[in-house]
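Following: one structure in structure tokens, then a few remarks.
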Amino acid sequence: TLDDDAQCIRVELLLIDGNIDTAVDIVKHLLNAPNITSDFILNIIDICADYKLFSDLFLSIISAINNIESQQQLPILRDFISILEELSETEMQAQIIEKILDKEPYSLPDWIKAIETYILLSDLPKALDAIEYALVIDATNSEVLFYKAYCIANQGNEKEAISLLEDNNIKKDENIYMLLATCYANMNEYAKSIDILEDMLKTYSHNSRSLYLMAHNIYNLYHDNDNVIDLLKKSLE
């Protein structure tokens, strides 16, 4: 019987030769072994990342993780989600972060990771649910409150989003400036949006988003086409 390292080499050789289906079948069989080790699972995760095999083996990997000792599962899940994040496998990330939270329900960083993942998936109801759990842990966390305002604004409740940010006296960073300016622009309060963007420039330099939004505001408020075209050109740059 080949040891774990030899099995991984065997699988990689098959993949190099283009025998994808055979390699996948072998890995599924190996992941189903009763004496599976955490190191072997991590090696398989790395191989899946290198050869883009997660769509074929994701469920088998999850099943294998469920079959190892409980205290070994969380470190593997954390390594797994980091790899999935690098590969922008967002839907799989969501499944892994949910498993992590089952084991660490009071971990604020993991709830924030869940919020970010759901927002990337445009699943605002799930993001808002995760936000409420996170606020139970820390009701004043500025990052979580920003995400709540972002989700509320994207559901069309700009006034509520603005009140949330202002009532909690959240220190303005670049993202908060942009969210406030966008909310006011969406409410057709273009002058207020311009004021916020100009205040933002005292600390943060122009970026493509702020230049585009400034052009949008100036067009709607002043119809100054020359200025708008100049701002849009700078935004494209």
Side-chain angles (χ1 to χ4, degrees), residues 1-127 129-131 133-134 143 147 150-151 154 175 208-209:
T1 303
L2 298 176
D3 64 18
D4 286 352
D5 289 339
Q7 293 283 20
C8 288
I9 292 170
R10 177 191 178 198
V11 168
E12 286 213 65
L13 289 172
L14 286 166
L15 292 168
I16 290 168
D17 287 339
N19 297 316
I20 309 297
D21 291 342
T22 302
V24 167
D25 288 342
I26 290 171
V27 170
K28 285 181 178 179
H29 175 73
L30 294 170
L31 288 172
N32 200 37
N35 58 344
I36 191 83
T37 66
S38 57
D39 286 342
F40 179 73
I41 296 173
L42 286 172
N43 287 336
I44 292 300
I45 289 172
D46 286 337
I47 289 172
C48 286
D50 290 340
Y51 293 92
K52 297 179 173 59
L53 295 176
F54 283 126
S55 59
D56 296 301
L57 291 167
F58 181 75
L59 293 179
S60 296
I61 292 170
I62 295 300
S63 179
I65 292 172
N66 289 337
N67 289 331
I68 64 174
E69 293 183 12
S70 180
Q71 66 268 26
Q72 296 179 354
Q73 293 180 16
L74 199 55
I76 293 180
L77 290 169
R78 293 199 185 283
D79 287 339
F80 197 2
I81 201 168
S82 295
I83 290 170
L84 292 171
E85 188 173 10
E86 289 175 8
L87 297 172
S88 299
E89 293 284 2
T90 313
E91 290 186 7
M92 294 180 190
Q93 278 179 245
Q95 294 183 56
I96 299 300
I97 197 64
E98 287 166 4
K99 291 186 70 65
I100 290 172
L101 286 167
D102 283 342
K103 299 178 181 299
E104 292 271 308
Y106 299 104
S107 171
L108 183 60
D110 289 320
W111 280 113
I112 291 173
K113 177 67 70 178
I115 294 162
E116 292 169 344
T117 303
Y118 293 136
I119 288 174
L120 285 172
L121 290 170
S122 299
D123 193 339
L124 297 186
K126 269 198 170 184
D129 285 344
I131 285 164
Y133 280 109
E143 191 172 5
Y147 284 131
Y150 174 88
C151 290
N154 277 272
N175 289 324
S208 61
R209 293 184 304 153

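Minimum interatomic distance between I96 and L77 (heavy atoms only, all atoms of both residues): CG2-O, 3.5 Å. Looking at every heavy atom in both residues, K28 comes nearest to S60 through CG-OG, 3.6 Å. Nearest approach of C8 to I44, heavy atoms of both residues: SG-CD1, 4.3 Å. For the pair Q73 and N66, the tightest heavy-atom approach, listed with the atom from each and the gap, is NE2-O, 3.5 Å. For L31 against A64, the heavy-atom pair with the smallest separation is O-CB, 3.5 Å. The minimum heavy-atom distance between A130 and I115, with the atom names listed, is CB-CG1, 3.7 Å.
Remark: D110 pairs with R78, S107 by the side-chain hydrogen bond (donor to acceptor under 3.5 Å, both in side chains) rule, at least two apart or across chains. Applying the side-chain hydrogen bond (donor to acceptor under 3.5 Å, both in side chains) rule to E91 yields no partners; only residues at least two apart in sequence or on another chain are considered.
Distance check, rounded to the nearest 0.5 Å: CD1 of I131 to CD1 of I112 gives 10.0 Å. Summarising the geometry, atom CD1 belonging to I97 is positioned 10.5 Å from atom CG belonging to D102; distances are rounded to the nearest 0.5 Å. Here the straight-line distance linking atom CD of Q95 with atom CG of L84 works out to 9.5 Å at 0.5 Å rounding. Rounding to the nearest 0.5 angstrom, the gap separating the CD1 atom in I61 from the CG atom in D56 is 10.0 Å. Between the CD1 atom in I81 and the CD atom in E89 there is a gap of 12.5 Å [rounded to 0.5 Å]. Here the straight-line distance linking atom CD1 of I83 with atom CZ of F54 works out to 6.0 Å at 0.5 Å rounding.
The local environment of OH in Y150 is sparse, with at most 12 non-hydrogen atoms from other residues, nucleotides or ligands closer than 6.0 Å.
For the pair H29/Q7, no side-chain contact is recorded, criterion being any heavy-atom separation below 4.5 Å from C-beta on. The side-chain heavy atoms of Y51 and I16, taken from C-beta on, include a pair separated by under 4.5 Å. Proximity of T37 to L42: side-chain heavy atoms (C-beta onward) are nowhere separated by under 4.5 Å. The shortest side-chain heavy-atom distance between F80 and M92 does not fall under the 4.5 Å cut-off. Within the 4.5 Å cutoff, side-chain heavy atoms of N43 are placed close to those of D5. At a threshold of 4.5 Å between non-hydrogen side-chain atoms, the residues T90 and Q93 count as touching. L57 places none of its side-chain heavy atoms less than 4.5 Å from the side chain of I45.
Using modelled atom types, no side-chain atom of D123 and backbone atom of I119 make a donor-acceptor pair closer than 3.5 Å. Looking only at distances, a side-chain donor or acceptor of T117 sits under 3.5 Å from a matching main-chain atom of K113.
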Y147 vs Y118, test: ring pair (Phe, Tyr, Trp, His ring centres under 6.0 Å). Steps then yes/no. CA-CA 11 Å; Y147 284 131; Y118 293 136; over 10 Å; no
Show your reasoning for whether side chain to side chain contact (heavy atoms under 4.5 Å, CB included) applies to E104 and K99. CA-CA 9 Å; E104 292 271 308; K99 291 186 70 65; over 6 Å; no
Output, in order, the C-alpha distance, side-chain angles, deciding distance and verdict of side chain to side chain contact (heavy atoms under 4.5 Å, CB included) for I76 and I68. CA-CA 10 Å; I76 293 180; I68 64 174; 3.4 Å; yes
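Each of I65, L30, D79 was compared with I41 under the side-chain contact (heavy atoms from CB on, under 4.5 Å) criterion, and only I65 meets it.
Under the 30°/60° scheme for interplanar angles, the aromatic rings of Y133 and W111 are found to lie parallel.
Residues K126 and E98 are paired through a salt bridge, judged by an N-O separation under 4.0 Å between the basic side chain and the carboxylate.
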